[in-house]
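The structure under discussion appears below in the form of C-alpha cells.
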2 protein chains.
Amino acid sequence: MARRATAPVVNDLDARKASILEAVVSEHIDTAQPVGSSSVASSSDIVVSSATVRSEMVSLEREGYLAQPHTSAGRVPTDKGYRYFVDHLKSGVLGDVQQQQVSEFFANVRGEVEDVLEQTSMLLSQMTHYTSVVLGATLSHASILSSQLVNIDAHHQLLVTVFSDGSVTKHSLTPPFEVDYETCAEASRQLNALLIGTLLESVVQVPSRGDHVAALVRDAVAALHAQAPTVDGDKVFIGGSSRVADAFDGVETVRQVLSILEQELLVVSLVEDMLKRGLSVAIGAENGFEPLSTCAVIVAPVTIDGAPAGAVGLLGPTRMKYREAMAAAGAVSQHLARHFGGDEEHAEH
Amino acid sequence: MARRATAPVVNDLDARKASILEAVVSEHIDTAQPVGSSSVASSSDIVVSSATVRSEMVSLEREGYLAQPHTSAGRVPTDKGYRYFVDHLKSGVLGDVQQQQVSEFFANVRGEVEDVLEQTSMLLSQMTHYTSVVLGATLSHASILSSQLVNIDAHHQLLVTVFSDGSVTKHSLTPPFEVDYETCAEASRQLNALLIGTLLESVVQVPSRGDHVAALVRDAVAALHAQAPTVDGDKVFIGGSSRVADAFDGVETVRQVLSILEQELLVVSLVEDMLKRGLSVAIGAENGFEPLSTCAVIVAPVTIDGAPAGAVGLLGPTRMKYREAMAAAGAVSQHLARHFGGDEEHAEH
DNA sequence: GGCTGGCACTCGGTAGAATCGAGTGCTAAC
DNA sequence: GTTAGCACTCGATTCTACCGAGTGCCAGCC
C-alpha cells in the first residue's frame, strides 16, 4: 500500500506545487467550479500569496496537471492532476457513522450469496452516492458437488448442478425423444458418477453411445461444457444506477454511462481488467472506454484466504470524492471478505 | 355561449373535436412542441380554418383535453387528452421490418427461460427506444418436482428445489451442528417424500422431532416457506434503462424514473396492478406513482393456454409513440406466449 | 532570487432593453 | 356556423452594457 517510490519518479512535484495541486483538486471536487488562485492562497496549508500561487499554477498547467477552461477563469484538474492527487492520497478512514452502518449491515444481512451481494451493492451506493458494482467470484475453480437431472415432462429435462462454492446452475434439455421417469433417473445417476468432484473447466465432452440415457447424458454434459466460459455473467450487481443522473451533467453523458452499465459483461471486463493491472482507481481515459472518459472507477478486490473472490467497485465523475469513496469501497470489500470468509472458518473456531 | 347541449356525454367528442384532438396529440408526440391552430388546420383531415380550430381548441381546453403552457403558445395534450387519444387509437400493426425482427429473434433465441426473457427485454427496448420490462410468471401455482439437500461442508447445506415450471430455487442452511453425508442424504430423502408434488404455497411448517435429520428437514421447509410470498422478485428484466435519459428532459425527472426502475419490486407491483385493473396503458397519474407522473406505461399480458404467464411492458414519456409501442408490446407478448406455449404443446402435436 | 502588491486586461455570466414572431382571442362580415 | 382580419400577448432571441472573478506581468521589496 505504501507505494512511495525511492527511485527518480518522473512525476513528482516539489512540496509547494503538490499542496497547491491538492488544494485545487480538493476544492474543485467540492465545488465543481474552476478554482482561482486566491481561494487556493487562502486555503489553510498554503502560506504564499495568490501571485505566487498563480505562477505555480502556470507551471502546473504547463506540466499537464491543470487546465484552464478559458483565459480569466480558474483552473480545473486534468486527469493527470487527479491521478497525482489520488496517488498521494493518504488513505482515509470511514466516518464513524458509516463505519457503524457497514458493521450493522453485515451483522444483520441474511440470505443467499446473491442477495447479500445485491444488498451490498445498494449499501455501497447509498453510502457514497455513486453507482456501485459488486462482482461475485467466478466459479471456475469450484468443483461439482451434485448434478441432477429432473424430468419436467416427457420432452423437458432440467439439469441442476450444484458447485462447491454454493452456486447452482440449471440447463434445460429438450431431447427429440420421449423420456420417462426411469430413463431420466438413470441418466441422473450416470451424470452424478461422471461429474461429482470434477471442475467445471475440466468437464469433457462425452461421446454418445446411441441409447436414450446416453444421449441425455451427452446433452447434459455438452450443456455444462458450453456454459463454462461465460459462467460469471450472473454475478454482477449494480446498485444505484440512478446516481449517474446527478453525478454527471449533460444528458448525453448520462445516457452513455447508463448504456455502458447496461452491458454487464462490459462492466465485468472493465473491473477485471483493472484488477489484473493492479489498478485500484482508473481516472478518465485510464479505464479504456471512450464513453467513460469523464468517469473515475474505483475497485477493491475481495480476497478470501488469499484467493480472489470478487470485487466491489464505484463509478463516479472524475471529480468524485476519492478519499471517502475509496474508504467505503475498502471497508465494504473487507467486510464482505470477512462475511464469507468468516463463515468458511466456522469449523475452525 | 350556446354550447351544444344535447346529451351530457361525459367522455365523447364530436367528430371534428376528436380529429382536432387527434391532430394535436399526434403532432405533439412528433415534435414535443406545443401545437398551434394553424398547423392543425393544415393537417390532412382537417377541413376547417384555423380560426375554427382555435375556437374548438378553447372548448377542448375547457373540457380538460388540452392545456396551454402560457397564453400565446400552442396547445399541449393533458393526460386526459392522451387518454382519449389512446382509447380511440385504431390498433396499429408492426412495420414489416420490425415484424421480421421479432420473428427472427424468436426463431433464433436459445437458452434458459431467464435468458430468453432478458434478451426479449432488450429486443423490445431496442425496437421501441423505450425502457422495457419483462415479467416472468410467478410460480405460486407450480408444484415441486424435486427437492434436494446438498452437503457443501459440515456446516453448510444447500436446499435446491426444482418446480414444475422449470424454475429452480436454492436456500442455504447453516445448522448449529455438524452434518455428515449420510445425515444430509437422509434429510434429502425425507424432504423429497414430503414435498414432491405439493405447491409452494401449500408447504407447511414441520415440527422438529429433535434429531439432526429432523432439524435439517424442518429448517429446509422453513426456508422454503419463508420464500413463498416473495418468490417472483427474480423474474423481472428491465431493458434499455439508458433510454430514460433521452425520453425525458430534466435531469431530476431522469433520476426519479431511474430510481423507481431500480426498485424492481415496485415495478412488478405497478405492472401487476395494471393487469389487475385491466389497463393496458397507464398515462401520467394513472399509474399511481407520483414520480412517474410524466410517464406512460404500456403493458401486454403474456397468456399461455388461457393462464397468465407474465407480461411485457414499456415505459416512456406521456408523449410516447403509443401506436408503435403498443404494437411492439403486443407482438412481443404474443411471440413470447407462442415461444413458451408452443414448447409446452410439443407433446400434443 | 524568489516573493509580493499592484495593475491592466480578459472574458464568461448576468441583467436589461429591444425585437421577433408564433399563436391567441375577438369581432365583423359572409 | 364559419372565416378573414387584426390587435395583442408573451416566450424566445438578440444585443449591449457591465460586472467581477481571475489572470499575467512587472516593479519593488526582503
Side-chain angles (χ1 to χ4, degrees), chain A residues 13-21 23-28 30-78 81 249-250, chain B residues 1-6 13-21 23-28 30-78 81 249-250:
Chain A
L13 303 170
D14 66 61
R16 197 170 65 184
K17 273 196 185 127
S19 52
I20 289 177
L21 178 55
V24 172
V25 175
S26 300
E27 186 170 333
H28 183 255
D30 278 354
T31 65
Q33 297 296 324
V35 179
S37 58
S38 58
S39 66
V40 171
S42 66
S43 136
S44 67
D45 48 20
I46 305 286
V47 291
V48 296
S49 76
S50 68
T52 312
V53 172
R54 272 201 294 284
S55 78
E56 293 287 46
M57 279 172 142
V58 171
S59 145
L60 282 168
E61 184 172 357
R62 244 199 319 266
E63 294 169 54
Y65 294 98
L66 295 179
Q68 240 176 335
H70 54 84
T71 342
S72 95
R75 256 74 173 201
V76 159
T78 59
D249 28 33
Chain B
M1 293 288 156
R3 189 205 318 179
R4 179 144 304 260
T6 52
L13 302 172
D14 65 62
R16 197 170 67 184
K17 272 195 186 129
S19 52
I20 290 177
L21 178 55
V24 172
V25 175
S26 299
E27 186 170 334
H28 183 255
D30 279 353
T31 64
Q33 298 295 324
V35 179
S37 58
S38 57
S39 66
V40 170
S42 65
S43 134
S44 67
D45 49 19
I46 305 285
V47 291
V48 294
S49 75
S50 70
T52 309
V53 171
R54 271 201 294 283
S55 78
E56 293 285 49
M57 278 172 143
V58 171
S59 146
L60 281 167
E61 184 173 357
R62 242 197 321 262
E63 294 168 54
Y65 294 98
L66 295 178
Q68 240 178 335
H70 55 84
T71 342
S72 96
R75 255 75 174 202
V76 159
T78 59
D249 29 30

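Since the model is a prediction, treat every value here as computed from it, not as a measurement. Order of the sequence lines sets the chain letters (A, B, ...), proteins ahead of strands, with each chain counted from 1.
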Side-chain donor/acceptor of B/T78 to backbone N/O of B/G64, under 3.5 Å: yes

Please determine, for the side chain of [X], which listed nucleotide ([options]) has the closest atom?
| X | options | answer |
| --- | --- | --- |
| A/M57 | D/dT23, C/dC11, D/dT3 | D/dT23 |
| B/S49 | D/dT3, C/dG12, D/dT9 | D/dT3 |
| B/V58 | D/dT3, C/dC11, C/dG25 | C/dG25 |
| B/S37 | D/dC10, C/dG5, C/dT24 | C/dT24 |

OP1 or OP2 of [N] sitting under 4.0 Å from any side-chain N/O of [X]?
| X | N | result |
| --- | --- | --- |
| A/R75 | D/dG24 | yes |
| B/T71 | D/dC10 | yes |
| B/T52 | D/dT3 | yes |
| B/R16 | D/dT2 | yes |

Side chain to side chain, B/L13 and B/Y65, heavy atoms closer than 4.5 Å: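 Touching, per the 4.5 Å side-chain cut-off.
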
5' precedence on DNA chain D between B/V48 and A/Q68 (nearest-nucleotide basis):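 With B/V48 and A/Q68 compared, the 5'-side residue is B/V48.
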
Integer-rounded Å distance: [N] [atom2] and [X] [atom1]:
| X | N | atom1 | atom2 | answer |
| --- | --- | --- | --- | --- |
| B/L60 | C/dG23 | CG | P | 17 Å |
| A/H28 | D/dA21 | NE2 | C1' | 16 Å |
| B/H70 | C/dG21 | NE2 | P | 17 Å |
| A/K17 | C/dC3 | NZ | P | 11 Å |
| A/I20 | C/dC3 | CD1 | P | 10 Å |
| B/E27 | C/dA22 | CD | P | 14 Å |
| B/E56 | C/dG23 | CD | P | 19 Å |

Residue of the set A/R54, A/E56, A/R75 for which side chain to side chain donor-acceptor pair (under 3.5 Å) holds with A/S37: A/R54

Pair of N/O donor and acceptor under 3.5 Å linking C/dG6 base with A/R54 side chain: yes

Check: B/E27/B/S43 side-chain N/O donor and acceptor closer than 3.5 Å: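 There is no such pair (donor and acceptor under 3.5 Å, judged by atom type) between the side chains of B/E27 and B/S43.
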
Check: A/T52/A/S49 side-chain N/O donor and acceptor closer than 3.5 Å: yes

Touch class at under 4.0 angstrom, heavy-atom based, for A/A73 against every strand present: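 It contacts sugar-phosphate atoms only.
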
